[in-house]
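Worksheet: the structure to be examined is printed underneath.
Reckoned from all heavy atoms, side chains included, excluding hydrogens, waters and symmetry mates. Note that the coordinates shown come from a computational prediction; the quantities given were computed from them, not determined experimentally.
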Amino acid sequence: MAYQTSLQSRSIEMLVAYRQNPSVQLRNRLVRLNMGLVRKVAHRLAHQCAEPYEDLEQCGYLGLITAIERFDPTQGFAFSSFAVPYIRGEILHFLRDRSNPVRIPRRWQQLSRDGEKKRQALMINLGRQPSEAEIAQALEISLDEWRSVKLAAANRNPLSLNAQVSMGGHQSSDSSMTLGDTLMDAHAQLRQMNEEDRLELQHAMAQLEDKTREMIESVFFQQMSRQEVAKKIGVSPVTVTRRIKKGVEELVQLLHQPAPPAEAQA
């Protein structure tokens, strides 16, 4: 306890000195003095991920340095309480950058690594590539689970948009297409969807009675008031409102009808 109190006292004195006159030498001494904070956080997080402990520790030191730079001894906070969030945050930031969009159970991650070791050992003993069933037997798991482990490992990393795809089962070096080429630009996709909606609406509008279609077009497309439409057509505003309401209901029904089969459209 006395040693711990002495250590904290030395740390505070050095932090005050660093605040008044920063130097690389003093900062490095503070880092060495507080290495235990980094190791404690790194050990805790190492049990929750598959990344090497050494990588987590190195990231933790970056967080510790940031904490040293920003710590103000005059605020009355304990440095350890101030530094731990920076250390943990830097490690978690590293893990987020390294994380994979496809989350695989830790048991399967270990089985994948063990399976590769078993494959190498069996290949040496058998003098040939082992079968998947032999690897599964060496791991003491079922063949179905081993296949699931392999599939998960294969799908873990996302494909590059520059990866080539074959068309119709053939892949030509002259006319190769990348995965990115098959993806439609978001704006182009939105324009295409709007155009499809416009054509569907146009087709449905063509099926309305002429006067009703004219009223709807005048009010919704030409931004005319119902009074102006009534005067233009020669009916009352109430009639315009009633006909528009009925026409809109008919449009909704037409737009929700399933599309006719291709043979019927041809």
Side-chain angles (χ1 to χ4, degrees), residues 38-63 85 87-193 196 258-259 261-263:
V38 174
R39 291 170 176 170
K40 183 177 181 180
V41 176
H43 272 297
R44 188 177 302 158
L45 292 176
H47 294 294
Q48 304 174 23
C49 68
E51 298 297 330
Y53 164 78
E54 292 76 12
D55 291 349
L56 304 187
E57 185 182 14
Q58 291 302 316
C59 291
Y61 287 130
L62 295 177
I87 297 169
R88 180 179 174 83
E90 193 68 36
I91 295 175
L92 291 178
H93 181 72
F94 166 76
L95 292 176
R96 280 193 295 270
D97 289 343
R98 301 273 293 186
S99 65
N100 198 282
V102 179
R103 295 188 178 275
I104 302 177
R106 294 191 66 182
R107 178 174 180 271
W108 281 15
Q109 294 181 37
Q110 187 61 48
L111 282 172
S112 180
R113 291 190 290 267
D114 292 345
E116 185 57 33
K117 295 177 182 177
K118 295 292 186 182
R119 182 189 299 277
Q120 296 295 333
L122 287 170
M123 187 166 60
I124 293 173
N125 293 334
L126 299 175
R128 58 172 173 82
Q129 280 288 351
S131 67
E132 302 302 338
E134 289 171 331
I135 297 175
Q137 184 178 7
L139 290 170
E140 298 181 353
I141 61 175
S142 67
L143 179 58
D144 286 342
E145 184 175 11
W146 172 238
R147 286 172 174 167
S148 297
V149 170
K150 284 191 61 182
L151 182 62
N155 292 335
R156 187 177 186 185
N157 295 318
L159 287 175
S160 168
L161 293 180
N162 293 323
Q164 292 186 354
V165 296
S166 58
M167 304 299 293
H170 302 283
Q171 187 167 346
S172 171
S173 57
D174 297 330
S175 59
S176 60
M177 176 178 289
T178 66
L179 183 61
D181 295 331
T182 67
L183 302 178
M184 183 178 293
D185 176 74
H187 295 292
Q189 189 174 20
L190 181 60
R191 287 195 299 271
Q192 178 176 333
M193 292 173 61
E196 291 174 353
E263 292 79 2

Glu140 side, atom CD; Trp146 side, atom CH2 - distance, nearest 0.5 Å: 14.0 Å
For the residue pair [X] and [Y], what are the closest heavy atoms and their distance?
| X | Y | result |
| --- | --- | --- |
| Leu122 | Ala138 | CD1-CB, 4.2 Å |
| Ala136 | Ser142 | CB-O, 3.9 Å |
| Arg107 | Ile141 | NH2-CG2, 3.9 Å |

With side chain to side chain contact (heavy atoms under 4.5 Å, CB included) as the test, would you mind laying out the steps for Tyr53 and Arg39 before giving the verdict? CA-CA 9 Å; Tyr53 164 78; Arg39 291 170 176 170; 3.3 Å; yes
Does Glu134 reach the main-chain N or O of Ser131 with its side chain, forming a donor-acceptor pair under 3.5 Å? yes
Using a 3.5 Å distance criterion without hydrogens, assess whether the side chain of Ser148 forms a donor-acceptor pair with backbone atoms of Asp144. yes
Output, in order, the C-alpha distance, side-chain angles, deciding distance and verdict of side chain to side chain contact (heavy atoms under 4.5 Å, CB included) for Ile124 and Gln120. CA-CA 6 Å; Ile124 293 173; Gln120 296 295 333; 5.5 Å; no
Could you please spell out the steps behind the side chain to side chain contact (heavy atoms under 4.5 Å, CB included) verdict for Glu145 and Leu139? CA-CA 10 Å; Glu145 184 175 11; Leu139 290 170; over 6 Å; no
Any non-hydrogen side-chain atom of [X] less than 4.5 Å from a side-chain atom of [Y]?
| X | Y | answer |
| --- | --- | --- |
| Val38 | Ile91 | no |
| Glu57 | His43 | no |
| Arg44 | Lys40 | yes |
| Lys150 | Ile135 | no |
| Gln58 | Asp55 | no |

Could you check Leu56 against Leu95 for side chain to side chain contact (heavy atoms under 4.5 Å, CB included), going step by step and ending with a plain yes or no? CA-CA 8 Å; Leu56 304 187; Leu95 292 176; 3.8 Å; yes
Testing the 3.5 Å rule here: is there a donor-acceptor pair between the side chains of Gln110 and Arg113? yes
